[in-house]
Colleague: 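Pasting in a structure now, in structure tokens, and then I'll have a few things to ask.
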Amino acid sequence: MSFFSNEIIGWYSENGRSLPWRETKDPYRIWLSEIILQQTRVSQGLPYYEKFIKHYPDLNGFANAEETDILKLWQGLGYYSRARNMHKCARLVQRDFGGFFPSTYAQLLQLPGIGPYTAAAIASFAFEESVAVVDGNVIRLVSRYLGIQEPVNKGATLRSINTYVQEEIQGFKPDLFNQAIMEMGSQICTPKLTKCDSCVLAMNCQAKKEGLVNRIPFKSTRTKVSQKYFNYYLSQNQDQLSLVHRNSKGIWQNLYEFPMEESVNSKVESNATLIGTFQHQLSHQRIEAKLWKVNKIPSRLSQNKGIFEVALGEIGSAYPTHQLMNKMIKAWQEQLTK
DNA sequence: GATACGTGGTG
DNA sequence: TCACCAAGTAT
């Protein structure tokens with residue numbers, strides 16, 4: 001009888017939140033929710049989940065859509081490779097599996113955008129395979145419970161956590177166990193303001209015993225953010241705006257934006273009017289963007305051949321754009337109306 | 001194994 | 001203002 005597993009499942013049965021993807025066994029819906037929730041809070045992802053289900057209630061509709069339509073719905077969520085990989089994945093499942101997701105962890109792991117966590121989530125939630133999920137919640141909760149002081153962003157530490165939960169899940173309903181351990185991590189064993197007072201594991205928690213709850217999980221230093229300078233050029237003829245498709249590797253791949261040129265330092269243009277300067281913070285870059293109003297897009301831009309014209313309304317309805325673009329358009333529109 | 005990849009919320 | 005982080009994956 002495992003204290004750990006019995007306690008978390010007992011707690012979850014009483015305290016688990018009701019969320020739409022917990023009310024279904026449909027692999028498509030579970031897959032959709034799991035991709036959306038990667039590195040994303042429930043409150044941020046929930047509206048997107050509802051939106052996608054409304055537009056694409058099943059895998060076939062999703063697979064038959066164009067990638068740009070998927071990206072348009074995804075707009076604003078970030079980590080856009082998730083949307084691109086989902087589209088690849090949907091078409092692959094449609095083509096190679098007759099529109100039905102494969103049912104095992106090993107097969108799911110082969111699909112685009114599905115890594116160890118998501119494969120375990122779909123296999124356990126949709127198909128009752130006894131494979132434990134290891135996400136940020138699990139890492140935090142288990143490292144505290146066991147008092148692991150080694151960096152959790154190390155392979156060896158991760159493997160020991162995985163070994164522990166894979167043993168604990170044995171003999172329990174895998175979907176229940178996995179939901180329970182993640183819910184405990186997100187609602188009780190939180191990163192800050194940890195709710196140890198209402199934790200059913202507290203009496204056996206090593207971090208609590210040693211007063212290390214606020215020190216664990218320990219992470220070795222992360223990479224620092226780089227500063228970048230983007231210059232965007234806004235050219236308007238009649239109601240038509242110049243736009244380009246980002247084909248390059250790197251951020252915002254396959255999204256649309258105004259013609260742009262990067263500079264080494266903050267730029268000063270002489271033949272353009274500055275509409276505004278915008279700070280955009282990413283996890284790994286800090287971008288200072290300047291939006292310049294010009295009569296004609298400078299011919300020196302490398303992307304020159306890819307420029308096309310489109311009405312503002314069309315951008316809003318059909319062209320996926322990143323949040324910096326949305327920010328710039330909004331500021332420009334507000335200037336025009338005053 | 002380290003790094004790139006978004007966005008918005010929190011203390 | 002700023003560091004940290006939220007149901008990770010690909011390369």
Side-chain angles (χ1 to χ4, degrees), chain A residues 16-17 19-22 29-49 71 74-86 88-89 108-125 132-141 151-159 162 165 175 178-187 189-194 214-215 217-226 228 246 248-255 257 278-287 320-327:
Chain A
R17 290 167 297 175
L19 297 167
W21 45 86
R22 286 179 173 166
R29 295 185 177 221
I30 291 167
W31 165 73
L32 180 62
S33 71
E34 291 303 337
I35 305 292
I36 287 174
L37 292 173
Q38 287 168 7
Q39 299 288 280
T40 304
R41 287 188 174 77
V42 167
S43 58
Q44 193 187 0
L46 186 53
Y48 284 84
Y49 177 81
L71 280 171
W74 196 270
Q75 177 179 318
L77 241 200
Y79 284 156
Y80 297 94
S81 67
R82 290 183 291 174
R84 299 192 302 269
N85 282 328
M86 278 188 98
K88 278 186 208 161
C89 180
L108 288 162
L109 192 54
Q110 301 303 312
L111 298 172
I114 297 184
Y117 163 75
T118 306
I122 300 173
S124 63
F125 297 150
V133 292
V134 178
D135 72 336
N137 291 313
V138 174
I139 291 169
R140 187 172 58 251
L141 184 148
V152 293
N153 50 352
K154 282 273 175 291
T157 315
L158 229 40
R159 281 190 289 277
N162 186 68
V165 290
D175 51 347
N178 281 338
Q179 291 288 8
I181 193 170
M182 285 195 288
E183 190 79 339
M184 280 283 296
S186 71
Q187 303 299 304
C189 199
T190 49
K192 293 175 180 171
L193 304 179
T194 308
N214 293 317
R215 304 283 308 166
F218 176 75
K219 293 174 185 175
S220 45
T221 54
R222 60 177 55 191
T223 57
K224 57 166 175 264
V225 301
S226 59
K228 299 211 169 187
R246 276 188 81 99
S248 54
K249 302 297 175 191
I251 55 170
W252 301 325
Q253 192 183 339
N254 289 4
L255 273 60
E257 62 182 12
F278 307 85
Q279 304 297 336
H280 195 71
Q281 184 74 53
L282 286 66
S283 54
H284 55 297
Q285 295 180 20
R286 181 179 175 78
I287 297 169
T321 50
H322 48 77
Q323 293 297 66
L324 174 55
M325 261 297 278
N326 300 337
K327 210 187 296 183

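Owing to the predicted nature of the structure, the values given are computational and were not obtained by experimental measurement. By convention in this document, chain letters (A, B, ...) are assigned in the order of the sequence lines, proteins followed by strands, and residues within each chain are numbered from 1.
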Colleague: With respect to the side chain of A:R41, which nucleotide from C:dC5, B:dG6, B:dT7 is positioned closest?
Modeller: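 From the listed options, C:dC5 comes nearest.
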Colleague: For A:H280 and for A:G155, find the nucleotide of DNA chain B with the closest heavy atom, then tell me which residue's nucleotide is more 5'.
Modeller: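 Result: A:G155.
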Colleague: Please work out if A:I36 contacts a base, only the sugar-phosphate, or nothing of the nucleic acid, heavy-atom cut-off 4.0 Å.
Modeller: nothing
Colleague: A:Q75 and A:Y48: which non-hydrogen atoms are nearest, and at how many Å?
Modeller: O-OH, 2.8 Å
Colleague: Answer with base, sugar-phosphate or nothing: what part of the nucleic acid does A:L282 contact at a heavy-atom distance below 4.0 Å?
Modeller: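 Here A:L282 touches the bases of the nucleic acid.
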Colleague: Is there a donor-acceptor contact under 3.5 Å linking the side chains of A:S81 and A:Q253?
Modeller: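 A:S81 vs A:Q253: no donor-acceptor pair found between side chains.
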Colleague: Without decimals, in angstroms, what is the distance between A:L255 CG and B:dG6 P?
Modeller: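 Between P of B:dG6 and CG of A:L255: 8 Å.
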Colleague: Quick one: is A:H284 getting a side-chain N or O under 4.0 Å of the B:dA4 phosphate, OP1 or OP2?
Modeller: no
Colleague: I need the OH-C1' distance between A:Y79 and B:dA4, as an integer number of Å.
Modeller: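 Going from A:Y79 (OH) to B:dA4 (C1'), I get 8 Å.
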Colleague: Taking atom P in both B:dT3 and C:dC4, what distance in whole Å separates the two?
Modeller: 16 Å
Colleague: Which part of the nucleic acid, if any, lies within contact of A:Q323, taking any heavy atom under 4.0 Å across all strands shown: a base, the sugar-phosphate backbone alone, or nothing?
Modeller: sugar-phosphate
Colleague: From B:dG1, B:dA2, B:dT7, pick the nucleotide closest to the side chain of A:K154?
Modeller: B:dA2
Colleague: Calculate the interatomic distance between A:L37 atom CG and C:dC5 atom C1'; express it in whole Å.
Modeller: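 Interatomic distance, CG of A:L37 to C1' of C:dC5: 15 Å.
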Colleague: Side chains of A:E34 and A:Y117: is there a donor and an acceptor less than 3.5 Å apart?
Modeller: yes
Colleague: Grab the CD-P distance between A:Q39 and B:dC5 for me, whole Å please.
Modeller: 15 Å
Colleague: With a cut-off of less than 4.0 Å, is there a side-chain N or O of A:W74 near OP1 or OP2 of B:dT7?
Modeller: no
Colleague: Contact class for A:G76 (heavy atom, under 4.0 Å): base, sugar-phosphate, or nothing?
Modeller: sugar-phosphate
Colleague: What interatomic distance, in whole Å, is found between P of B:dG8 and the corresponding atom of C:dT9?
Modeller: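 The same atom, P, in both gives a distance of 22 Å.
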Colleague: Using a heavy-atom cut-off of under 4.0 Å over every strand shown, decide if A:R22 touches base, sugar-phosphate, or nothing.
Modeller: base
Colleague: Measuring from atom CD1 of A:I30 to atom CZ of A:F125, what distance do you get when rounded to the nearest 0.5 angstrom?
Modeller: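 These two atoms lie 7.5 Å from each other.
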Colleague: Toward the 5' end of DNA chain B, which comes first, A:S43 or A:K249, by nearest nucleotide?
Modeller: A:K249
Colleague: Between P on C:dC4 and CZ on A:R215, what's the gap in Å once rounded to a whole number?
Modeller: 12 Å
Colleague: Between C1' on B:dT7 and CG on A:L71, what's the gap in Å once rounded to a whole number?
Modeller: 16 Å
Colleague: What interatomic distance, in whole Å, is found between P of B:dC5 and the corresponding atom of C:dC2?
Modeller: 22 Å
Colleague: When you match A:S81 and A:K88 each to their closest nucleotide on DNA chain C, which lands nearer the 5' end?
Modeller: A:S81
Colleague: Heavy-atom nearest nucleotide on DNA chain C for A:V42 versus A:K192: which residue maps closer to 5'?
Modeller: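 Its nearest nucleotide being more 5', the pick is A:K192.
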Colleague: Which parts of residues 109-118 of chain A get close to DNA chain B, meaning a heavy atom less than 4.0 angstrom away?
Modeller: none
Colleague: Roughly how far, to the nearest 0.5 Å, is CG of A:L141 from CE of A:M182?
Modeller: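 Taking CE in A:M182 and CG in A:L141, the distance rounds to 12.0 Å.
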Colleague: Using a heavy-atom cut-off of 4.0 Å across all strands, would you classify A:L158 as base, sugar-phosphate, or nothing?
Modeller: nothing
Colleague: Grab the CG-P distance between A:L193 and C:dC4 for me, whole Å please.
Modeller: 17 Å
Colleague: Check the distance between B:dT7's C1' and A:I287's CD1 and give it to me in whole angstrom.
Modeller: 12 Å
Colleague: So which nucleotide from C:dG8, B:dC5, B:dG6 ends up closest to the side chain of A:Q285?
Modeller: B:dC5
Colleague: Looking at every heavy atom in both A:P151 and A:T157, which two are closest together, and how far apart are they?
Modeller: O-OG1, 2.8 Å
Colleague: Please name the pair of heavy atoms, one in A:S220 and one in A:K154, separated by the smallest distance, quoted to 0.1 Å.
Modeller: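 Closest approach of A:S220 to A:K154, heavy atoms only: OG-NZ, 3.8 Å.
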Colleague: Do A:R82 and A:Q38 have side-chain N/O donor and acceptor atoms under 3.5 Å apart?
Modeller: no
Colleague: Using a 4.0 Å heavy-atom cut-off across all strands, classify A:V133 as base, sugar-phosphate, or nothing.
Modeller: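 Counting heavy atoms under 4.0 Å across all strands, no contact is made by A:V133.
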Colleague: How about CZ on A:R17, more than 12 heavy atoms from neighbouring residues, nucleotides or ligands closer than 6.0 Å, or not?
Modeller: yes
Colleague: How is A:G250 classified with respect to the nucleic acid when contacts are heavy atoms under 4.0 Å: base, sugar-phosphate, or nothing?
Modeller: sugar-phosphate
